[in-house]
There are 2 protein chains.
Amino acid sequence: MSLTHTEVTAELEPCGAEGHPDCGIRDVLDRIGDTWSVLVVVELASGPRRFSELQRAIDGVSQRMLTLTLRRLERDGLLSRSVHPSIPPQVTYTLTGPGRSLTHLVKALADWSLAHRPLIADARAAYDAAHPAHTIR
Amino acid sequence: MSLTHTEVTAELEPCGAEGHPDCGIRDVLDRIGDTWSVLVVVELASGPRRFSELQRAIDGVSQRMLTLTLRRLERDGLLSRSVHPSIPPQVTYTLTGPGRSLTHLVKALADWSLAHRPLIADARAAYDAAHPAHTIR
DNA sequence: CAGTATCCCGCTTGATACTG
DNA sequence: CAGTATCAAGCGGGATACTG
């Protein structure tokens with residue numbers, strides 16, 4: 001059942017060109033391509049979290065960026081925000097249906113990355129060795 | 001065989017946190033999360049292309065950004081650059097094995113986007129209606 | 001606790017001009 | 001044709017301070 005040595009390239013419609021329909025790729029990337037969105041999704045994949053829990057779980061995120069990221073994901077309907085009125089206030093974030101479906105995509109991203117990381121590292125090392133002091137990087 | 005109404009969230013290891021291993025998600029996004037890389041990959045998915053063909057196919061890309069994008073993808077071993085010495089010069093770009101495997105990921109991105117675009121559009125409209133003149137957007 | 005409000009910096013991108 | 005070089009702009013993101 002192996003497809004080794006056959007053409008396994010996915011059939012992708014051309015897009016981004018003038019006459020072609022928008023394939024939607026830029027759409028997703030505009031949504032999750034930023035620094036923090038995926039990390040929030042990953043964290044929420046294992047269950048609802050409070051604001052402070054997210055901030056502790058996601059290393060390096062600032063209060064400002066966590067707020068902005070959560071707002072954007074909420075606006076797109078990928079997570080829901082529920083306020084439990086109390087003192088101090090308590091706010092919980094939960095992935096919605098669409099948000100949970102995103103976790104599969106993120107899983108695919110992570111899998112691909114882990115599978116190809118060594119190869120890419122080697123390729124980089126080779127390139128950098130062959131092109132000393134080049135402008136790229 | 002349907003899994004409807006069950007938990008279909010992908011099991012994702014927490015990552016980005018302190019004690020946790022790097023799940024690699026940021027890695028992929030740093031590689032293809034930029035404005036032009038995926039579009040180049042999509043275009044090359046249907047076969048080798050010359051520099052000028054890519055520039056015509058990808059609407060809006062500048063000479064500078066196309067060069068930078070191609071160099072980065074080449075450095076990571078996702079495409080190969082072959083120069084046919086002639087006047088005028090002729091340079092062809094081709095996806096490598098790892099590069100072709102990327103097309104599957106990109107396909108998944110496009111599929112997810114197309115499937116959820118209407119829902120997300122509705123969610124946005126609803127949010128914007130409920131939060132008039134908010135800072136987000 | 002869970003934000004909002006400012007200020008500011010750097011990196012990515014864009015525009016333009018030049019070349020083997 | 002396929003680049004490189006240079007300059008300028010815009011936006012994402014960080015640091016800090018303040019509040020219901």
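Every chain is numbered from 1, with letters handed out A, B, ... down the list of sequences.
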Could you state the atom-to-atom distance from CG of B:Leu54 to C1' of D:dC1 in whole Å? 13 Å

Answer with base, sugar-phosphate or nothing: what part of the nucleic acid does B:Arg72 contact at a heavy-atom distance below 4.0 Å? sugar-phosphate

Nearest to side-chain heavy atoms of A:Tyr93, which nucleotide of D:dC1, C:dC1, C:dG3: C:dG3

To the nearest Å, how far apart are A:Arg81 CZ and C:dG3 C1'? 8 Å

Rounded interatomic separation in angstrom, taking CG from B:Asp30 and C1' from C:dT12: 13 Å

Report yes if a side-chain nitrogen or oxygen of A:Ser52 is closer than 4.0 Å to either non-bridging phosphate oxygen (OP1 or OP2) of C:dA2; otherwise report no. yes

Using atom CD of A:Gln55 as one end and atom P of D:dA15 as the other, report the distance to the nearest whole Å. 12 Å

Find which nucleotide of DNA chain C each of A:Thr92 and B:Gly60 is nearest to by heavy atoms, and output the residue with the more 5' nucleotide. A:Thr92

Which of C:dT4, C:dA2, D:dA2 is nearest the side chain of B:Arg50? It is D:dA2

Kindly indicate, with the supporting measurements, whether the criterion salt bridge (Lys or Arg N to Asp or Glu O under 4.0 Å) is fulfilled by A:Asp76 and A:Arg72. CA-CA 6 Å; A:Asp76 289 341; A:Arg72 289 197 266 249; over 6 Å; no

Do the side chain of A:Arg64 and the base of C:dG3 come within less than 3.5 angstrom through a donor-acceptor pair of N or O atoms? no

Closest nucleotide among C:dG14, D:dG20, D:dG3 to the B:Val91 side chain: D:dG3

May I have the distance from A:Ile32 (atom CD1) to D:dG12 (atom C1'), rounded to whole angstrom? 17 Å

I would like to know whether B:Arg75 and A:Asp128 meet salt bridge (Lys or Arg N to Asp or Glu O under 4.0 Å); could you show each step before the answer? CA-CA 8 Å; B:Arg75 180 161 103 105; A:Asp128 293 350; 2.6 Å; yes

Would you kindly give the CD-to-C1' distance between A:Gln63 and C:dC1, to the nearest whole Å? 9 Å

Hey, are A:His84 and A:Thr92 close enough side-chain-wise for a donor-acceptor pair under 3.5 Å? no

Taking the side chain from A:Thr103 and the backbone from A:Arg100, do they hold a donor-acceptor pair closer than 3.5 Å? yes

Measure CG/A:Leu68 against C1'/C:dA2 and give the value in whole Å, please. 14 Å

Check whether A:Thr96 reaches the backbone of A:Gly77 with its side chain - one donor and one acceptor, N or O, closer than 3.5 Å. yes

Side chain of B:Pro89 (C-beta onward), nearest among C:dT13, D:dC1, D:dT4: D:dC1

Can you tell me the distance, in whole Å, between the CZ atom of A:Arg56 and the C1' atom of C:dA2? 12 Å

Pairing donors with acceptors under 3.5 angstrom, does anything connect the side chains of B:Arg49 and B:Ser52? no

Check the hydrophobic clustering (I, L, V, M, F, W, Y; side-chain heavy atoms under 4.5 Å; chains of links allowed) and say if A:Leu114 and B:Leu105 are grouped together. no

Are the side chain of A:Ser113 and the backbone N or O of A:Ala110 linked by a donor-acceptor pair below 3.5 Å? no

Closest to the 5' end of DNA chain D, once B:Pro88 and A:Met65 are matched to their nearest nucleotides, is B:Pro88

Expected output is a numbered-order residue list: members of residues 33-48 of chain B with a heavy atom under 4.0 Å from any atom of DNA chain C. What is it? B:Asp34, B:Thr35, B:Trp36

Closest approach of B:Leu78 and B:Arg31, non-hydrogen atoms and distance? CD1-CD, 3.8 Å

For Watson-Crick and G-U wobble pairs within 3.5 Å on both distances, what is DNA chain D written in dot-bracket notation, | included for inter-strand pairing? ||||||||||||||||||||

Using the rule that two of Ile, Leu, Val, Met, Phe, Trp, Tyr join whenever any of their side-chain heavy atoms come within less than 4.5 Å, decide whether A:Leu66 and A:Val91 are in one cluster. yes

